[in-house]
Protein chains: 2
Amino acid sequence: MTRRRGEIPFLLAMTYRAMTEALHERIAAEGREPLRPAHGYTFRLLLDRGGATSVELAEHLGVTKQAASKIVAELEDWGYVERRPHATDGRARVLALTDKGRAYVRHADDMWADIEDRWGEVIGAERLDRIHEDLRAYVDEVAGGRAVLRPIW
Amino acid sequence: MTRRRGEIPFLLAMTYRAMTEALHERIAAEGREPLRPAHGYTFRLLLDRGGATSVELAEHLGVTKQAASKIVAELEDWGYVERRPHATDGRARVLALTDKGRAYVRHADDMWADIEDRWGEVIGAERLDRIHEDLRAYVDEVAGGRAVLRPIW
DNA sequence: TAAAATGGTCAACGCGGTTGACTGCATTGA
DNA sequence: TCAATGCAGTCAACCGCGTTGACCATTTTA
């Protein structure tokens, strides 16, 4: 297999794009709120680092605190996230997933896993393992582990 | 290596994001116009299918013809693209890369190749080949070859 | 304890897309 | 052959989702 040098980033983009499209189709089919990547990344942060604030979310997403606030406001409206007063800091508000939020994360994980599995059916599970390792290697070693998932749309 | 099912799409996003950031840093460092993915995809179309029109570009990018027109107008202003009258169709205008446009494509390809190479240094060229195959397999077999590169930048 | 820093909000704006209406050329078919 | 329909392209208005900037209230620092 010959490949043009520099083609892989394009394929990466196309693959990711196709996967997100597949996900959005499912979300739309379920009649769910129009959840964007930023929302997904928010869920993941709140799951990993319980007790985050809007400012921390902003840093995590790589957006301004105002933008992060808007995202949180939406998620609160939809009942996925709650804002509670901070225990010691009167200015801050602590973000937390509601039950609905946690249930959605599980559901979303399932959907992503399904999409990943479709790929695995074509190329095999071992290849998927390798890809996982190799992507991690790029993110950690080339990109320096910068885990900013700036929502790109 | 154990991996969480459904994690790969996230890693795909992070990797692509890190790569585009690396590219943008280089473009910015060169003092070049703020070229976005949509512009890159446009260059590629014009290189592959000479004589495309705005409507064809719109289909390729997955945007409206109005949006495609705006993109072309920018590229024309910057001197990367020309619009020439269509040989037989008085309504249509044929898009073509200028010399500057072609030179930029070569340059951009080099930059992407460099970024890809950095990855290759970490994981090895054979792995890169596999990844190339596997990404192609997803795009072609799972996503049905839908090559719409809707610019999400 | 005054000054500076920080979490959060409100308002105005901008970029890059969308929808909708329109012009003028091209194609179709009675 | 020529009216009806279709299609390339443009103009204008709008919209989503981010930004910048100003501000308040609380906390931290000196």
Side-chain angles (χ1 to χ4, degrees), chain A residues 13 17 20-21 24 27-28 33-42 45-46 49 51-78 81-96 148-153, chain B residues 17 20-21 24 27-28 33-42 45-46 49 51-78 80-96 148-153:
Chain A
R17 168 120 215 113
T20 47
E21 249 161 42
H24 286 150
I27 289 176
E33 296 90 353
L35 290 152
R36 285 163 286 146
H39 298 122
Y41 301 154
T42 300
L45 175 70
L46 298 186
R49 280 218 305 265
T53 66
S54 288
V55 169
E56 281 164 19
L57 174 62
E59 282 160 11
H60 181 69
L61 296 178
V63 298
T64 60
K65 58 185 180 175
Q66 293 92 326
S69 256
K70 285 187 191 179
I71 290 166
V72 170
E74 277 179 327
L75 291 175
E76 200 178 17
D77 281 348
W78 293 334
V81 163
E82 291 181 328
R83 289 189 302 178
R84 297 196 271 246
H86 192 283
T88 61
D89 189 334
R91 298 165 303 176
R93 297 179 160 276
V94 170
L95 307 177
V148 173
L149 273 170
R150 193 167 197 289
I152 36 176
W153 72 326
Chain B
R17 166 118 219 117
T20 48
E21 249 161 41
H24 286 151
I27 289 176
E33 297 89 354
L35 290 152
R36 286 162 287 147
H39 298 123
Y41 302 153
T42 300
L45 174 70
L46 297 186
R49 279 218 306 265
T53 66
S54 288
V55 169
E56 282 164 19
L57 174 62
E59 282 161 11
H60 180 68
L61 296 178
V63 300
T64 59
K65 58 185 179 176
Q66 292 92 327
S69 256
K70 286 187 190 178
I71 290 165
V72 170
E74 276 179 326
L75 291 175
E76 200 179 16
D77 281 348
W78 294 334
Y80 291 110
V81 163
E82 292 181 328
R83 289 188 302 179
R84 297 196 272 247
H86 192 283
T88 61
D89 190 334
R91 300 165 302 176
R93 297 181 160 273
V94 170
L95 307 177
V148 173
L149 272 170
R150 192 164 197 290
I152 37 178
W153 85 325

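All heavy atoms count here, side chains included; hydrogens, waters and symmetry mates do not.
As rounded to whole Å, 12 Å separates atom P of C:dT9 from atom CG of A:Leu57. A:His86 places its NE2 atom 10 Å from the P atom of C:dG7, with the value rounded to the nearest Å. Atom-to-atom, CD1 of B:Ile71 to P of C:dC15 comes out at 15 Å; the value is rounded to the nearest Å. Look at CG on B:Leu35: it is 11 Å from P on C:dG16, rounded to the nearest Å. With rounding to whole Å, A:Tyr41 atom OH is found 12 Å from D:dG18 atom P. To the nearest angstrom, P of D:dC15 lies 16 Å from CD of A:Glu74. One atom, NZ of B:Lys70, and another, C1' of D:dA8, lie 18 Å apart when rounded to the nearest Å. Regarding B:Arg91, its CZ atom lies at a distance of 13 Å from the P atom of D:dT10, rounded to whole Å.
Donor-acceptor pairing under 3.5 Å, judged by distance alone, is present between the side chain of B:Lys65 and the base of D:dG9.
Side-chain proximity of B:Ser69 to the nucleotides D:dT27, C:dG8, D:dT10 is greatest for D:dT10. With C:dG17, D:dG9, C:dG8 as the choices, the nucleotide that has an atom nearest any side-chain atom of B:Val55 turns out to be D:dG9. Out of D:dG18, C:dG7, D:dG21, the shortest distance to the side chain of A:Gln66 is found at D:dG21. Nearest to the side-chain atoms of B:Arg83 among the listed nucleotides C:dG17, D:dC17, D:dT10 stands D:dT10.
Across all strands shown, A:Thr64 has heavy atoms under 4.0 Å from base atoms, whether or not it also approaches the sugar-phosphate. Within the 4.0 angstrom heavy-atom criterion, only backbone atoms of the sugar-phosphate kind lie near A:Thr53; the bases stay farther away. In this structure, A:Ala92 reaches the sugar-phosphate backbone alone: every heavy-atom distance under 4.0 Å involves primed, P, OP1 or OP2 atoms, never a base.
Along DNA chain C, the nucleotide nearest B:Ala67 and the nucleotide nearest A:Ser54 are compared for position; the residue whose nucleotide lies closer to the 5' end is A:Ser54. Heavy-atom nearest nucleotides on DNA chain D were determined for A:Thr88 and for A:Pro34, and the one closer to the 5' end corresponds to A:Pro34.
Here the side chains of A:Leu95 and A:Leu45 are not in contact, with every heavy-atom distance at 4.5 Å or above. Side-chain contact between A:Val63 and A:Leu57: absent, with no pair of heavy atoms (C-beta onward) separated by less than 4.5 Å.
In summary, B:Glu21 and B:Arg17 engage in a salt bridge, as defined by a charged side-chain N under 4.0 Å from a carboxylate O.
Taking side-chain N and O atoms only, A:Arg93 has no distance below 4.0 Å to OP1 or OP2 of C:dG7.
A pairwise comparison of heavy atoms in B:Glu33 and B:Ile27 identifies O-CG2, 3.8 Å as the closest pair.
Just one of A:Arg93, A:Arg91, A:His86 meets the side chain to side chain donor-acceptor pair (under 3.5 Å) condition when paired with A:Asp89; it is A:Arg91.
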